[in-house]
Amino acid sequence: MNFVKQYIAQSIIASSNNLRLSSQKIEVVTLLKELILKSEDLEGDIKKLKKVTQFSTLAIRFNEIYNYLTQTNLDFLKVSDKFKEHCQYLIKDIGLMLDKVSPAMMHEIKDKIKESKPIEVVTEDETSEQTPNEDEIKVDLSKRKPDSVNFENDTTFLKEKLILEEEKELEDNFKNYEENILKPINPLDSILKKLLSDKSLVAELEPFTKIMKRNSDHSLDAGFEILANMHMIVHQSILLLMQGKLEITKETIESIRACLIVIAAVIKGKSVDITVYLNKAERFGQTISTIK
């Protein structure tokens with residue numbers, strides 16, 4: 001059995017064991033595990049899942065795990081601890097996915113990925129109409145109260161509306177995560193490339209300090225430790241450059257760019273070995289952490 005497939009499949013099961021699952025959700029988890037174990041191109045299938053709104057956040061996590069297993073020098077004494085860490089993050093990601101995906105939808109995605117067909121998944125609303133939730137409360141409409149007494153008062157209605165809007169906003173934030181992370185990469189990279197020949201451009205780095213700090217926080221909240229660290233290294237290095245505490249050298253510029261390359265590769269799921277860039281970025285992070 002392929003180690004990477006087995007690792008991800010086991011992490012799915014271990015994470016799901018921490019959730020309260022209906023029989024429908026258990027079926028979705030089982031189908032997802034089968035998709036991973038039977039995949040003939042795991043990296044490619046993860047990329048396909050990233051394009052499905054309901055799976056985008058979970059697929060980013062799978063991609064990070066895949067990169068950890070295939071693009072770093074594994075310390076098998078620490079793999080067990082890392083597995084627990086991955087599972088802890090997956091609990092939330094799988095929970096969010098299971099709230100949106102029915103067995104019928106999972107079957108459709110699984111079949112289309114296997115057949116290499118474009119994935120066009122029905123929306124959550126359409127799915128809920130087609131596939132009744134077994135946990136749904138059944139209501140006898142003959143005993144329904146008049147509309148005028150459906151709510152105790154307007155305050156109750158407003159509370160529910162606010163809660164639902166907050167959940168929708170959270171969902172939208174996950175959908176926009178990749179876009180927000182990638183948006184500043186190319187503009188910042190462009191400035192860095194010009195910085196050696198025109199050091200006055202250092203002033204143009206200022207807006208990126210807040211952006212990198214914000215994206216580091218967002219990545220940490222989502223549980224993407226590598227991405228959070230890369231963003232924080234860029235944030236700190238930019239501050240040091242602007243303060244004149246870090247010299248503008250080729251080595252410095254290339255080290256910051258190494259962070260950007262890691263970020264872009266992880267988000268885009270690029271099938272390239274980023275170990276050299278990751279090691280360079282982490283060494284750079286250790287160096288700048290000593291600068292007062």
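Heads up: numbering here begins at 1 and tracks the sequence.
Here Leu58 contributes atom CG and Lys92 contributes atom NZ; the two are 13.0 Å apart, rounded to the nearest 0.5 Å. Distance CG/Leu49 to NZ/Lys47: 13.0 Å, rounded to 0.5 Å. Atom CD1 of Ile13 and atom CD1 of Ile94 lie 8.0 Å apart (nearest 0.5 Å). Here Ile26 contributes atom CD1 and Leu19 contributes atom CG; the two are 11.0 Å apart, rounded to the nearest 0.5 Å. Here the OG-CD1 distance, from Ser39 to Ile113, works out to 8.0 Å after rounding to the nearest 0.5 Å. Atom CG in Leu246 sits 6.5 Å away from atom CD1 in Ile256 (nearest 0.5 Å).
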side-chain contact (heavy atoms from CB on, under 4.5 Å), that's the test. Do Met232 and Lys213 meet it? Break it down for me.
CA-CA 6 Å; Met232 185 52 66; Lys213 178 62 168 64; 3.5 Å; yes
What's the verdict on side-chain contact (heavy atoms from CB on, under 4.5 Å) for Ile191 and Val202, showing C-alpha distance, side-chain angles and the deciding distance?
CA-CA 8 Å; Ile191 295 174; Val202 71; over 6 Å; no
Give the intermediate values and the outcome of side-chain contact (heavy atoms from CB on, under 4.5 Å) for residues Leu42 and Ile8.
CA-CA 10 Å; Leu42 184 56; Ile8 295 178; 4.1 Å; yes
Step-by-step side-chain contact (heavy atoms from CB on, under 4.5 Å) determination, Glu43 to Asp41
CA-CA 6 Å; Glu43 186 177 19; Asp41 177 14; 4.3 Å; yes
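Ser216 contributes a side-chain N or O that, together with a main-chain N or O of Ala228, makes up a donor-acceptor pair within less than 3.5 Å. Of the possible donor and acceptor atoms, none in the side chain of Ser190 sits under 3.5 Å from a partner among the backbone N and O of Asn186. The main-chain N or O of Ile248 is never found under 3.5 Å from a side-chain atom of Thr252 such that the two would form a donor-acceptor pair. A side-chain donor-acceptor contact under 3.5 Å links Ser197 to the backbone of Lys194. One N or O on the side chain of Asn63 and one on the backbone of Val266 form a donor-acceptor pair closer than 3.5 Å.
Taking every heavy atom of both residues into account, Leu196 and Thr249 meet most closely at CD2-C, 3.6 Å. Residues Ile263 and Leu227 share a closest heavy-atom pair of CA-CD2, 3.8 Å. Taking both residues in full, the closest heavy atoms of Cys87 and Ala14 are given as SG-CB, 3.8 Å, listed atom of the first, atom of the second, then distance. Across Leu35 and Met106, no two heavy atoms sit closer than the pair CD2-CE, 4.1 Å. Heavy-atom minimum distance, Leu31 versus Pro103: CD1-O, 4.0 Å. Scanning all heavy atoms of the two residues, the minimum distance from Met212 to Leu188 falls at CE-CD2, 4.2 Å.
Residues Glu254 and Phe284 are not in side-chain contact: their nearest non-hydrogen atoms beyond the backbone lie 4.5 Å or more apart. Between Leu21 and Val28, every side-chain heavy-atom pair lies at or beyond the 4.5 Å cut-off. Counting heavy atoms from C-beta on, the side chains of Leu205 and Thr209 never come closer than 4.5 Å. Two residues are said to be in side-chain contact when any heavy atoms from C-beta on lie closer than 4.5 Å; Ile288 and Leu240 meet this criterion. You'll find the side chain of Gln54 reaches within 4.5 Å of the side chain of Met105, heavy atoms only. Within the 4.5 Å cutoff, side-chain heavy atoms of Ile233 are placed close to those of Met230. Contact of the His231 side chain with the Ile211 side chain is not registered, since no non-hydrogen atoms from C-beta on lie closer than 4.5 Å. Looking only at side-chain heavy atoms (C-beta outward), Ile226 and Asn67 stay at 4.5 Å or farther from each other.
Sorted by first and then second residue, the salt bridge (charged side-chain N to carboxylate O under 4.0 Å, His left out) pairs involving residues 241-252 (not counting sequence neighbours) are Glu251-Lys280. For residues 31-75, the pairs satisfying ring-ring contact (aromatic ring centres under 6.0 Å, His included) are Tyr68-His86, with sequence neighbours left out.
Between Asp45 and Lys48, at least one side-chain nitrogen of the basic residue sits less than 4.0 Å from a carboxylate oxygen of the acidic one, meeting the salt-bridge criterion.
The hydrophobic clustering, which links ILVMFWY residues whose side-chain heavy atoms are closer than 4.5 Å, places Ile253 and Val262 together. Hydrophobic clustering (side-chain heavy atoms under 4.5 Å, transitive across Ile, Leu, Val, Met, Phe, Trp, Tyr) groups Leu260 together with Leu182.
Few gaps surround CD on Gln243; more than 12 heavy atoms of other groups in view lie less than 6.0 Å from it. In this structure, Lys33 places its NZ atom where only 12 or fewer heavy-atom neighbours from other residues, nucleotides or ligands lie under 6.0 Å away.
Glu34 pairs by the side-chain hydrogen bond (donor to acceptor under 3.5 Å, both in side chains) definition with nothing, not counting sequence neighbours.
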